[in-house]
Protein chains: 2
Amino acid sequence: MSAELWLAQLHENGYRLTDARRAVVETVEKSNRALTPVEVYDMARKKYRALGLVTVYRTLEKLEELHLIQRVHQPMGCQAFISAGEGHQHLLLCQNCGQVAFFEGDDLDVLTKSIAKKTGYQISEHWLQLFGLCAKCRAN
Amino acid sequence: MSAELWLAQLHENGYRLTDARRAVVETVEKSNRALTPVEVYDMARKKYRALGLVTVYRTLEKLEELHLIQRVHQPMGCQAFISAGEGHQHLLLCQNCGQVAFFEGDDLDVLTKSIAKKTGYQISEHWLQLFGLCAKCRAN
DNA sequence: TTTGTTATTGAAAACCATTATCAATAAGTA
DNA sequence: TACTTATTGATAATGGTTTTCAATAACAAA
Ligand SMILES: [Mn+2]
Ligand SMILES: [Mn+2]
Ligand SMILES: [Zn+2]
Ligand SMILES: [Zn+2]
C-alpha cells in the first residue's frame with residue numbers, strides 16, 4: 001500500500017484531498033512503528049507547516065474508519081496508530097525501538113475450541129500480540 | 001483470593017487499612033467483569049458513602065502495583081481493571097455483558113519460534129485475549 | 001476558466017479523565 | 001492514651017481530545 005492508494009481511498013469515499021491530509025497520510029503510511037497523534041503532528045508538519053493538531057486527529061479518525069490504520073495497544077499506552085495489516089495479521093513489537101512487524105499463520109483453532117468447551121463461551125475473535133527485540137536492537 | 005487476603009497484602013506492604021480501601025477492595029475483588037475507576041467509585045460508595053474518586057484511583061494504583069489487579073484492554077477502552085489471574089493466564093471476554101473468564105494452557109512456542117526465525121526478533125512476551133459470548137448471553 | 005457550494009481547516013474554547021496540592025483526619029504504634 | 005504520619009476528600013491543575021466557528025479551498029458544474 002502506498003500513500004497514493006490511501007489518498008485514492010479517501011477520495012473514493014467522498015473525502016477531499018488536501019495538503020493537510022497528504023502530509024498526515026504520507027507520514028503514517030511510511031512509518032514502521034506506531035505513532036501517536038502528536039508524533040504524527042510533529043513529523044507531518046515538516047511536510048506541511050500550517051498543519052493543525054486537530055486535523056491530525058480528524059484524519060486519523062477517517063483512516064481508521066477506512067481500515068487503513070489500526071490502533072496499537074501497548075503497556076505504555078493505547079493511543080498510537082500504524083498502517084493496518086492486510087487480512088488476518090498480528091503485530092510483533094520491539095520493546096526497545098518500537099519497530100513493528102506483522103505476522104500471520106497463527107492457528108488458535110485447537111485452543112479456542114478447547115476453551116469454548118471448558119468455559120461455555122462462543123469465541124468469535126482474538127487479539128494476539130508479540131513483544132521482543134528486533135534484530136537491530138538485539139545487536140546493540 | 002478473597003478481599004481479606006487483598007487487605008492483608010496491602011497491610012503486609014505497609015499500607016494502612018481504611019474504610020475507603022476496604023470498600024474499593026471488596027468491590028473490585030468480587031467483580032467478574034472489568035470495572036473503570038468511575039464504576040468502582042459508584043459501586044464502592046454504596047459500602048462507604050464518604051469515598052472520594054481520587055481515593056479509588058490511588059487504591060487501584062496500589063492494587064495494580066501489588067499485582068492483585070490488572071488492566072484490561074478492550075476495543076472500547078483500556079481503563080478498566082479486574083482481579084489478576086494467578087500464574088500465566090489470559091482473558092476471555094463476553095462482548096455482550098463484559099463477563100471475564102480466565103484460561104491457561106495456550107502454547108505459542110511453536111508459533112513464536114517460527115516468527116522469531118522469520119523476522120529476526122527475539123520474542124519474550126505475548127498478549128493473547130479472546131472475545132465472544134458467555135453462556136448466559138449466548139442463550140438470550 | 002470561472003463560479004458556487006460546502007467540506008475542510010486551524011485557532012480558540014470547552015470538555016473530561018487523571019493527577020497534584022493541601023489541610024484535616026484517623027490508622028497504627030508505643 | 002497520646003503521638004506520628006499515612007491517608008483522605010475537596011479543590012485546583014493538568015493535558016489530551018473534542019467541539020465550535022468563521023475563513024478557506026476542493027471540486028463539481030457551468
Ligand atoms: Mn490470529
Ligand atoms: Mn500465553
Ligand atoms: Zn528495535
Ligand atoms: Zn455475557
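Chain naming here is simple, since letters A, B, ... match the order of the sequence lines and numbering starts at 1 in each. Heavy-atom basis, side chains included; hydrogens, waters and symmetry copies ignored. Please read all numbers here as calculations on a predicted model, not as lab measurements.
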Practice task
Rounded off to whole Å, could you give me the CG-to-C1' distance for the A/Asp19 and D/dC27 pair?
Solution key: 14 Å
Problem - Interatomic distance where CZ belongs to B/Arg16 and P belongs to D/dT4 [whole Å] - result: 13 Å
Exercise for the section: Check whether any side-chain N or O of B/Arg21 sits under 3.5 Å from a backbone N or O of B/Arg16 as a donor-acceptor pair, and report yes or no. Expected result: yes
Exercise for the section: Verify the contact: side-chain N or O of B/Thr18 to OP1 or OP2 of D/dA6, cut-off strictly under 4.0 Å; return yes or no. Expected result: no
Problem - Between C1' of C/dA26 and NE2 of B/His11, the distance in whole Å - result: 14 Å
Practice task
Would you mind classifying the nucleic acid contact of A/Arg58 as base, sugar-phosphate or nothing, using non-hydrogen atoms under 4.0 angstrom?
Solution key: base
Practice task
Scan B/Tyr41 against the nucleic acid and name what it touches under 4.0 Å (heavy atoms): base, sugar-phosphate only, or nothing.
Solution key: nothing
Fill in the blank from the handout: On a heavy-atom basis, the closest approach of A/Trp6 and A/Val25 is CB-CG1, 3.7 Å
Completion exercise
Between A/Asp106 and B/Leu111, the two heavy atoms sitting closest are CB-CD2, 3.7 Å
Practice task
Specify the separation, in whole Å, of atom NZ of A/Lys62 and atom C1' of C/dT9.
Solution key: 11 Å
Handout entry: Nucleotide D/dT19, atom P - distance to CD of A/Glu61 in whole Å
Key = 8 Å
Completion exercise
In whole angstroms, the gap separating P of D/dG9 from CZ of B/Arg21 amounts to 10 Å
Problem - B/Leu10 CG - D/dT8 P separation (whole Å) - result: 10 Å
Practice task
Nearest 0.5 Å please: distance from the CG atom of B/Asn140 over to the SG atom of B/Cys137.
Solution key: 6.5 Å
Practice task
Measure from OH on B/Tyr15 to P on D/dA6 and round the result to the nearest Å.
Solution key: 11 Å
